[in-house]
Amino acid sequence: MAKNNEKAFVQDITPMEEDFSRWYTDVVKRTELMDYSDVRGCMVIRPYGYGIWELIQKELDTRFRETGHENAYFPLFIPESLLKKEAEHVEGFAPEVAWVTRGGNEELQEPLVVRPTSETIICSMYARWIQSYRDLPVLINQWCNVVRWEKSTRPFLRTSEFLWQEGHTAHATYDQAQEETMQMLRVYRDFAYNAMAIPVLTGQKTEKEKFAGARDTYTMEAIMHDGQALQMGTSHNLGQNFAKVFDIMFLDKDGQRKYVWQTSWGASTRLIGGLIMVHGDNRGLKLPPRLAPIQVIVVPVAAHKEGVLDAANEMVGVLKRAGIRVKMDTRDQTPGWKFNEWEMRGVPIRLEIGPRDIQSQQVVLVRRDTHEKKSVTMDGLAHQVQALLADIHDNMLNTATEHRNAHIFEAQNKAEVLEAVDGKKGFAYTAWCGERSCEEKFKTECGISSRCMPFDVQQLAQGKVCALCGKPATQMIYWARAY
RNA sequence: CGAGGUGUAGCGCAGCUUGGUAGCGCGUUUGGUUCGGGACCAAAAGGCCGCUGGUUCAAAUCCAGUCACCUCGACCA
């Protein structure tokens with residue numbers, strides 16, 4: 001055993017301090033979350049990764065339904081003419097759309113784009129469906145794939161094709177649309193905290209960073225372990241931009257024909273990348289219990305010995321009946337090998353059961369987040385496990401919150417912003433003049449972008465000056481390097 | 001798309017400069033001994049050396065093209 005400790009394991013994960021992006025790719029690959037196909041930048045989501053996605057879908061869908069939304073499905077292909085209707089929207093997406101120009105052996109009369117997002121095709125349908133104020137609001141979500149032909153790709157964070165959900169709603173008034181936009185941002189925020197255990201920052205995007213075609217964009221942003229920002233979900237108030245070009249009108253109570261007010265909101269498989277980069281450590285993945293495809297892994301020790309497998313099976317049954325996602329590892333490997341394997345894969349709880357435990361009517365319970373190990377009795381095991389899963393969630397959220405708080409730095413001038421972002425590897429929080437040219441200049445010169453303008457603190461900017469250009473400030477804002 | 005780098009067994013890599021039988025470690029398969037933090041012994045299987053073309057008696061190796069991936073920029077969920 002001693003000689004093995006000295007042995008360098010060829011396939012160990014690169015330490016995250018050494019090279020964060022190498023660490024990230026190692027984790028994705030070794031935990032079998034996804035793989036690249038032969039098509040440029042298109043990912044194959046493997047069963048373990050897809051299991052996480054299914055849980056994300058479940059958590060989000062529950063929240064969407066609670067807030068009155070329904071699921072539907074719209075076409076993959078969008079006629080060129082539809083995409084081109086809204087000027088800003090086309091301009092934003094044109095560089096990255098994939099085209100279909102042939103069907104069978106025939107050249108298509110009108111080329112089709114593979115949807116990069118579905119506003120246009122959905123609006124074309126809403127124009128037919130909406131006639132009266134009685135038809136409003138329309139509250140529809142769709143789960144689908146979209147394609148954006150990006151120049152460079154990264155696992156989960158930026159792939160040519162990705163899975164997401166996009167909600168599209170139409171309302172009678174601006175206020176209702178705005179309330180919907182904010183409600184969905186709250187839904188995402190709730191999901192981030194309570195399912196992903198990720199403390200996000202929410203706020204409004206600047207003119208420069210907002211969605212192509214939106215009136216206002218709101219976002220939730222998270223700080224990754226290396227201090228870079230990841231946009232994890234967005235909610236847009238589209239105003240009447242799309243309604244006007246797609247002619248979505250309704251006859252209101254007052255007898256007037258009016259354009260509808262719209263919103264759209266989305267979150268993608270990128271969330272999985274966020275999970276990895278916020279919670280992961282040098283042993284690999286660390287999954288928040290609510291999104292763990294396997295919440296408890298049972299490792300029988302000396303499984304060939306009398307009674308071990310029976311006891312393990314019984315325990316699996318008890319946990320399953322309690323609604324816990326549990327799996328037993330019966331592979332022919334040494335226990336230590338399995339411990340490492342499941343820690344790498346991020347399973348929140350490990351239960352070890354062997355001859356000694358059977359004698360003492362106990363099992364060994366180990367948590368992934370703290371590596372704390374204790375013996376517990378078989379009685380009331382399911383309850384203990386459930387309580388522990390809840391505790392692990394809380395602890396992961398706390399740890400991530402501490403990390404977030406320790407990586408946000410108030411900055412008064414450009415040097416301090418750069419020090420916060422590049423020196424201390426975090427977000428800079430500053431007063432800002434609100435001018436697009438100032439923001440663009442900074443982005444071009446330093447590669448640092450605005451993340452969001454937080455709510456309820458904007459009055460703090462009064463009397464301050466912009467940290468970047470020194471003009472009078474109008475906003476408080478976060479800056480960071482972004483994925 | 002600009003600059004650089006890499007494609008050799010499932011994974012990680014050596015071999016290439018100076019052409020001449022396809023190598024190593026881990027993993028895999030089979031049998032046995034093991035099993036409480038990455039086990040051991042024995043035997044075995046596994047390669048269009050990314051792809052296409054060229055030079056040559058002979059190409060993993062030299063040349064050209066092409067595709068994919070990685071890093072850094074620009075762009076984006």
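Below, chain A is the first sequence line, B the second, and so on; all start at residue 1. The structure presented is a predicted model; accordingly, all values stated were derived computationally and were not measured.
One N or O donor and one acceptor, one from the side chain of A:Lys373 and one from the base of B:G37, sit under 3.5 Å apart. A:Arg30 contributes no side-chain N or O that forms a donor-acceptor pair with the base of B:G12 under 3.5 Å. A donor-acceptor contact under 3.5 Å links the side chain of A:Glu343 to the base of B:G37.
Contacts of A:Gly274 with the nucleic acid, taken as non-hydrogen atoms under 4.0 Å apart, are absent. No engagement by A:Lys338 is indicated, since no non-hydrogen atom pair under 4.0 Å with the nucleic acid exists. A:Thr159 comes within 4.0 angstrom of a nucleotide base, judged by non-hydrogen atoms across all strands. Contacts of A:Glu150 with the nucleic acid, taken as non-hydrogen atoms under 4.0 Å apart, include base atoms. Within 4.0 Å of A:Leu271, counting heavy atoms only, lies no atom of the nucleic acid at all. Within the 4.0 angstrom heavy-atom criterion, no nucleotide atom of any strand lies near A:Gly266. When heavy atoms are screened at a 4.0 angstrom cut-off, A:Val299 is found touching no nucleic acid atom at all. Among the atoms of the strands shown, none is found under 4.0 Å from any heavy atom of A:Thr117.
Comparing atom distances between the A:Asp332 side chain and each of B:G36, B:G37, B:U34 picks out B:U34 as nearest. Of all nucleotides listed (B:C35, B:G12, B:G37), B:G12 comes nearest to the side chain of A:Lys29. Each of B:C35, B:A39, B:C70 was ranked by its minimum atom distance to the side chain of A:Thr334; first place goes to B:A39. The side chain of A:Tyr36 lies closest to B:C70, out of B:C70, B:C75, B:G12. Between B:U71, B:C35, B:C70, one nucleotide has an atom nearer to the side chain of A:Arg154 than all others, and that is B:U71.
Not counting sequence neighbours, A:Gln295 has no partner by the side-chain hydrogen bond (donor to acceptor under 3.5 Å, both in side chains) test.
Proximity of A:Arg356 to the phosphate of B:G36: no side-chain N or O atom is located under 4.0 Å from OP1 or OP2. OP1 and OP2 of B:G36 both lie 4.0 Å or more from every side-chain N or O belonging to A:Gln359. Considering only side-chain N and O atoms, A:Lys151 lies nowhere under 4.0 angstrom from the phosphate OP1 or OP2 of B:G73.
Pairing for B:U34 is absent, with no Watson-Crick or G-U wobble pair whose two atom distances lie under 3.5 Å. Across every strand in view, B:C49 sits unpaired, with no contact that passes the Watson-Crick or G-U test at under 3.5 angstrom. The partner of B:A43, taking Watson-Crick or G-U wobble pairs whose two distances both stay under 3.5 Å, is B:U29. The partner of B:A59 cannot be assigned: no Watson-Crick or G-U wobble pair with both contacts below 3.5 Å exists in any strand. Summarising the base pairing, B:C69 is matched to B:G5 through a Watson-Crick or G-U wobble pair whose two defining distances lie under 3.5 Å.
Here A:Glu70 does not pair with A:Arg65 in a salt bridge; the nearest charged N to carboxylate O distance is not below 4.0 Å. With respect to the salt-bridge test (charged N to carboxylate O, under 4.0 angstrom), the residues A:Glu221 and A:Lys205 qualify. A:Asp369 has no carboxylate O lying under 4.0 Å from a charged side-chain N of A:Lys286, or vice versa, which leaves the two without a salt bridge.
The CG atom of A:Leu319 sits 15.5 Å away from the NZ atom of A:Lys327 when rounded to the nearest 0.5 Å.
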